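For reference, the structure is listed below as structure tokens.
Fair warning: this is a prediction, and the values are worked out from it, not measured in the lab. Remember, it's 1-based here, ligands and their atoms both numbered in the order they're listed. Computation of the quantities below employed the complete heavy-atom set of this structure, encompassing side-chain atoms and omitting hydrogens, waters and symmetry-equivalent molecules.
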Amino acid sequence: MNYLDQIDQHNVPKHVAIIMDGNGRWAKSQGKERIFGHFNGVEAVRASLKAATRAGVKYLTLYAFSLENWNRPKEEVDALMNLLVHTIMSEIDELDKNGVRLQTIGNIENLPLSCRAELEKGMERTKHHTTINLILALSYSARWEINQALRQIVASGISENEITDELISKHLTTAAFPDPELLIRTSGERRLSNFLLWQIAYAELYFTETLWPDFNEEDFYKAICDYQQRERRFGKTSEQLVSTDINSTTDTKL
Ligand code: FPP
């Protein structure tokens with residue numbers, strides 16, 4: 001089955017977020033150390049970015065390192081940080097050539113200096129690109145993000161009745177991006193793991209048994225095709241949807 005040809009170009013999600021999971025289990029299945037899985041996960045990152053670009057997705061957010069991941073063994077954390085630096089260094093020409101704008105969300109200040117420097121260089125170099133935004137969630141946690149948004153709002157001295165959903169969204173690290181319409185998680189787990197909890201209020205969730213290093217372009221297209229089979233109702237009845245724009249989330253009171 002060629003899933004790319006099945007995609008309806010008029011209904012491609014603008015923003016796809018992915019929880020890349022299963023690197024450790026993939027490595028174990030090959031009798032290797034966990035980090036071997038992370039190394040091979042980079043190929044799946046490449047494939048997903050290529051597929052997202054070809055499908056016409058405008059924002060691809062990848063959960064590359066959660067705030068909770070700092071609790072992993074030091075060797076694994078160090079290896080992941082090195083992998084991040086080396087991947088950006090080796091891929092940046094390709095990203096630049098393909099019109100990819102590199103961005104980040106999360107508590108970036110926690111990252112080692114070498115990592116931050118490479119990310120900042122990459123973001124600066126690609127900041128004018130518009131083909132697709134590749135957003136790396138690093139040292140990210142949704143509860144941390146909502147917590148810091150509330151702190152900013154309280155500190156700004158705003159009055160109670162000025163607090164709207166839009167205002168809260170503006171204080172999240174995703175303020176510049178639309179909410180994802182599709183969230184993919186690999187490896188058979190069916191959890192959100194503290195990822196984009198506010199932003200995925202209306203997202204479609206897609207779970208696949210495939211372990212992240214095995215996730216390829218076709219798998220990405222398959223997820224989009226699955227998304228396109230869903231009826232997105234935003235709390236409305238099917239009859240109401242016939243007479244309204246199904247992609248509008250502005251009226252969520254119904
Ligand atoms: C989850 O698998 C994966 C991670 C915590 C790291 C993801 C990192 C990469 C795919 C490589 C680098 C990424 C970029 C953007 C350069 P896991 O270790 O939790 O797997 P398990 O559940 O099988 O143990």
message = For residues Ile108 and Val85: do they belong to one hydrophobic cluster (side chain heavy atoms under 4.5 Å, members Ile, Leu, Val, Met, Phe, Trp, Tyr)?
response = no
Asn23 contact mode with ligand 1 (heavy-atom cut-off under 4.0 Å) = both
query = Any idea which atoms of ligand 1 are less than 4.0 Å away from a heavy-atom of Thr87?
reply = 16 (C)
ask   = If you count the non-hydrogen atoms of other residues, nucleotides and ligands that lie under 6.0 Å from CZ in Arg143, is the total more than 12?
value = no
remark   = Quick note on ligand 1: atoms under 4.0 Å from a heavy atom of Arg25 include exactly 21 (P), 22 (O), 23 (O)
task = Would you check if there is a donor-acceptor pair between the side chains of Asn2 and Asp5 at a distance under 3.5 Å?
result = yes
task = Can you sort out which atoms of ligand 1 are near Ala64, meaning under 4.0 Å from one of its heavy atoms?
result = 6 (C), 7 (C), 8 (C)
query = Of all residues at least two apart in sequence or in a different chain, which pass the side-chain contact (heavy atoms from CB on, under 4.5 Å) check with Glu124?
reply = Lys127
inquiry  = I'd like to know if the side chain of Asp96 pairs up with that of His129 as donor and acceptor (distance under 3.5 Å, no hydrogens or angles considered).
reply    = yes
query = Side chain, backbone, both or neither: which part of Phe39 has a heavy atom under 4.0 Å from ligand 1?
reply = neither
request  = Give the numbers and elements of all ligand 1 atoms closer than 4.0 Å to a heavy atom of Leu136.
outcome  = 15 (C)
Proximal atoms of ligand 1 relative to Trp212 (non-hydrogen, under 4.0 Å) = 10 (C)
ask   = Is a donor on one side and an acceptor on the other found under 3.5 Å between the side chain of Arg230 and the backbone of Leu205?
value = yes
inquiry  = Could you identify the single nearest non-hydrogen protein atom to atom 1 (C) of ligand 1 and state the distance to 0.1 Å?
reply    = Met20 O, 3.1 Å
ask   = Can you list the ligand 1 atoms lying under 4.0 Å from a non-hydrogen atom of Gly24?
value = 17 (P), 18 (O), 20 (O), 21 (P), 23 (O), 24 (O)
ask   = At a 4.0 Å threshold, what atoms of ligand 1 neighbour a non-hydrogen atom of Asn69?
value = 5 (C)
ask   = With respect to atom 11 (C) of ligand 1, which of His38, Arg34, His86, Met81 exhibits the smallest heavy-atom separation?
value = His38
key: Atom indices of ligand 1 within 4.0 angstrom of Arg72 heavy atoms, with elements   = 5 (C), 17 (P), 18 (O), 19 (O)
ask   = Heavy-atom count around Glu33 CD within 6.0 Å, excluding the residue itself: above 12?
value = no
inquiry  = Suppose we measure from atom 13 (C) of ligand 1 to each protein heavy atom; which comes out shortest, and what is that distance?
reply    = Val45 CG2, 4.2 Å
message = Taking Glu218 first and then Lys50, would you say they form a salt bridge - that is, a charged N and a carboxylate O separated by under 4.0 Å?
response = no
inquiry  = Check Glu217 with Arg54, please: is the shortest side-chain N to carboxylate O separation under 4.0 Å?
reply    = yes
query = Given that the side chain starts at C-beta and the backbone is N, CA, C, O, which of these parts of Leu83 lies under 4.0 Å from ligand 1, counting heavy atoms, or is it both or neither?
reply = side chain
